[in-house]
Amino acid sequence: MEVKRVVKEAREAFESGVTRTFSWRSSQLRALKAILLDKEADIFKALKLDLGKHRIEAYRDEVGLVIKSVDHALKNLKKWMAPKKVDVPLVCFPATGEIVAEPLGVVLIFSSWNFPIGLSFEPLIGAISAGNVVVLKPSELAPSSSTFLATNLPKYLDNSVKVVEGDSHIGEQLLEHKWDKIFFTGSSRVGRIIMTAAAKHLTPVTLELGGKCPAIIDTLSRARDIEVTINRVAGAKWGPCSGQACIAIDYLLVEEQFAPLLVDLLKAKIKKSYKDPENTARIAHKQQFQRLSNFLNDSAVAASVVYGGSFNAESLLIEPTILLNPPLDSEIMREEIFGPLLPVITLKKIEDSIEFLKVRPKPLVIYAFTVDEKLKRRVIEETSSGSITFNDAILQFAVDSLPFGGTGESGFGKYHGKFSFDQFSHGKAILRRSFLIELSCRYPPWNEWKLQFIRYIYSFYYIGMLLMILGLKR
């Protein structure tokens with residue numbers, strides 16, 4: 001479909017006003033849910049073809065997760081759409097104030113390859129809830145999922161939601177047009193391209209860029225903590241699509257004394273749960289496979305491998321791999337991994353993790369496994385990140401009452417639940433006032449009495465204003 005025509009039709013659809021109604025928004029949300037329910041098997045197949053993803057993993061991370069998000073939006077949509085009353089100072093009497101959420105207009109959503117269904121639907125839920133017309137550009141690096149979206153969204157949704165498939169050239173054509181909002185999930189390199197293009201039209205942008213997500217490990221002194229920590233770390237790293245999740249753990253920080261035990265426990269977990277290729281998804285595409293392979297071309301990085309490290313270029317499989325203290329200036333420690341390679345970095349004491357993180361770019365998420373309340377406070381107060389999760393990993397992504405998004409180099413803008421609705425809305429301020437009372441001090445000719453009265457207005461000193469009006473105070 002020609003990009004210019006898509007943009008024109010999308011603008012016409014928004015100008016028709018149909019998307020502003022509660023009935024349209026709720027019907028389209030129900031249609032999204034219907035796709036997930038009716039086409040579950042097709043989604044599983046697409047994710048298997050694109051990522052080698054197990055169907056249980058596909059349901060956990062994408063289908064089921066998105067159904068939950070749609071249900072949350074349907075349950076709360078009327079409340080989100082309702083005008084919000086706000087307090088107005090008494091000096092404005094008689095007046096009332098409110099904030100009305102209005103749709104931004106025609107929005108462009110770029111989704112990513114690592115969660116090609118989930119990260120298409122999640123922002124789409126927010127954009128539809130807020131009453132926008134949407135043009136969705138799926139990632140060409142997940143072609144089966146892209147085809148699924150292009151085939152099924154038009155069948156279930158009306159022409160206010162359009163899907164445009166294609167490579168980066170199509171993306172560039174889309175960016176030549178004016179949008180009312182651009183929502184992008186992907187790399188910081190492409191994020192910069194998005195921002196540059198958006199600046200030409202002063203288009204607001206949300207960037208979900210990922211960034212390095214470290215995990216502080218400080219619970220290896222108690223048997224139960226060890227077992228739970230290993231399960232959650234391994235599940236976050238090797239469970240979600242071979243670590244391709246943008247919120248997966250990128251590296252571990254642990255005290256030197258605990259490093260051998262941690263490595264041994266992780267090895268045992270891999271042998272038990274992730275050795276079988278059926279339980280470990282393959283790498284999504286050749287470019288990604290080559291990028292991950294290149295990490296180990298550095299001889300110093302290759303020398304740090306203490307488990308795994310084997311590659312199969314034909315099947316695009318990489319063995320779950322543990323690295324102990326790879327060089328901190330190496331590419332694997334500077335770039336997002338998006339794969340089953342897990343560096344373990346040792347520190348003299350776990351408190352050193354605070355300074356370690358402070359001198360590096362702000363992560364999307366910091367995971368900290370600890371029962372030490374003082375360390376928790378320090379992580380909260382002394383580090384900066386999109387979010388923090390204690391004693392678990394990835395779980396925060398599924399909690400609709402928490403915002404999800406980055407800060408600094410990990411992106412900006414937050415979504416999920418009500419935050420998604422807000423991300424695609426303009427909070428329009430409304431002030432209503434009658435002609436009953438007029439304050440002449442607002443207008444010339446000026447005198448000292450008016451200046452004093454204005455001083456009292458801005459300090460809300462109502463007694464002083466009353467005394468001046470009555471002539472009892474000059």
Side-chain angles (χ1 to χ4, degrees), residues 14 17 20 22 76-105 107 126 129-132 178-182 195 198-207 358 362 377-378 380-388 401-403 405-408 411-474:
F14 181 71
R20 292 178 175 269
F22 171 81
N76 293 281
L77 184 57
K78 277 192 175 179
K79 181 171 64 176
W80 294 347
M81 291 178 64
K84 304 297 185 296
K85 297 291 184 182
V86 298
D87 292 333
V88 175
L90 182 60
V91 71
C92 298
F93 180 85
T96 60
E98 64 183 11
I99 299 173
V100 173
E102 68 175 16
L104 292 174
V107 303
S129 297
N132 298 280
K178 177 176 173 55
W179 304 92
D180 299 303
K181 174 81 173 187
I182 298 176
M195 282 199 70
K200 297 176 183 177
H201 302 289
L202 296 180
T203 300
V205 176
T206 293
L207 298 181
K358 285 170 66 175
K362 297 177 181 181
R377 286 196 302 273
R378 288 196 62 194
I380 293 171
E381 295 172 2
E382 299 180 35
T383 68
S384 181
S385 60
S387 60
I388 299 172
S401 56
L402 288 173
T407 182
F412 50 81
K414 51 186 181 290
Y415 71 125
H416 286 197
K418 173 63 160 53
F419 302 98
S420 291
F421 178 87
D422 293 339
Q423 193 64 230
F424 291 98
S425 299
H426 165 59
K428 182 162 59 179
I430 309 294
L431 180 72
R432 293 184 173 90
R433 192 162 187 260
S434 78
F435 294 104
L436 185 62
I437 295 175
E438 178 68 302
L439 296 176
S440 62
C441 65
R442 298 166 61 188
Y443 316 110
W446 304 119
N447 56 47
E448 292 303 313
W449 186 94
K450 290 183 178 181
L451 176 59
Q452 185 58 48
F453 198 87
I454 292 172
R455 292 185 193 277
Y456 287 159
I457 287 176
Y458 285 136
S459 61
F460 304 112
Y461 182 31
Y462 295 109
I463 293 176
M465 285 188 276
L466 178 61
L467 292 173
M468 288 189 71
I469 291 171
L470 295 175
L472 301 176
K473 187 177 182 70
R474 297 186 61 81

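In this structure the side chain of P444 never reaches within 4.5 angstrom of the side chain of K450, judged on heavy atoms. Residues W80 and K418 form a side-chain contact, since some pair of their non-hydrogen atoms from C-beta on lies under 4.5 Å apart.
K473 NZ to L466 CG: the interatomic distance, rounded to the nearest 0.5 Å, is 12.0 Å. For the atom pair CG of D180 and OG1 of T203, the computed distance is 7.5 Å after rounding to the nearest 0.5 Å. A distance of 11.0 Å separates OG of S384 from NZ of K358, quoted to the nearest 0.5 Å. Distance OH/Y462 to CD1/I469: 12.0 Å, rounded to 0.5 Å. Here the NE2-CG distance, from H426 to N132, works out to 12.5 Å after rounding to the nearest 0.5 Å.
Checked against ring pair (Phe, Tyr, Trp, His ring centres under 6.0 Å), F453 has the following partners two or more places apart in sequence or in another chain: W449. For K79, there are no salt bridge (charged side-chain N to carboxylate O under 4.0 Å, His left out) partners at least two apart in sequence or on another chain. Legend: residues meeting side-chain contact (heavy atoms from CB on, under 4.5 Å) with F419, ordered by chain and number and at least two apart, are P403, K414. For the ring pair (Phe, Tyr, Trp, His ring centres under 6.0 Å) test, residues two or more places apart in sequence or in another chain that qualify with Y456 are Y461. In terms of the side chain to side chain donor-acceptor pair (under 3.5 Å) criterion, residue partners of R442 (sequence neighbours excluded) are, by chain and number, E438.
The heavy-atom pair separating E98 from P83 by the smallest distance is OE1-CB, 3.7 Å. Taking both residues in full, the closest heavy atoms of A130 and S425 are given as CB-OG, 3.2 Å, listed atom of the first, atom of the second, then distance. R20 approaches P103 most closely through the heavy-atom pair NH1-CD, 3.7 Å.
Within a 6.0 Å radius of NZ in K84, more than 12 heavy atoms belonging to other residues, nucleotides or ligands are found. The 12-atom threshold is exceeded at CG of L470, counting heavy atoms of other residues, nucleotides or ligands nearer than 6.0 Å. Around atom CZ of R433, more than 12 heavy atoms belonging to other residues, nucleotides or ligands sit under 6.0 Å away. Few gaps surround NZ on K178; more than 12 heavy atoms of other groups in view lie less than 6.0 Å from it.
Taking a cutoff of 4.0 Å between a charged side-chain nitrogen and a carboxylate oxygen, R378 and E382 qualify as a salt bridge.
Between the side chains of K181 and Q423, at least one donor N or O sits under 3.5 Å from an acceptor N or O.
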May I have the list of side-chain donor-acceptor pairs in residues 86-94 shorter than 3.5 Å, sequence neighbours left out?
none

Open item on the list: Could you walk me through whether T206 and Y415 satisfy the side-chain contact (heavy atoms from CB on, under 4.5 Å) test, starting with their C-alpha distance in whole Å, then the side-chain angles of each, then the deciding distance to 0.1 Å, before giving a yes or no?
Closed with: CA-CA 9 Å; T206 293; Y415 71 125; 5.7 Å; no
- [ ] For side-chain contact (heavy atoms from CB on, under 4.5 Å), just list the numbers for M465 and I457, CA-CA rounded to whole Å, side-chain angles, deciding distance to a tenth of an Å, and then say yes or no.
- [x] CA-CA 7 Å; M465 285 188 276; I457 287 176; 3.5 Å; yes
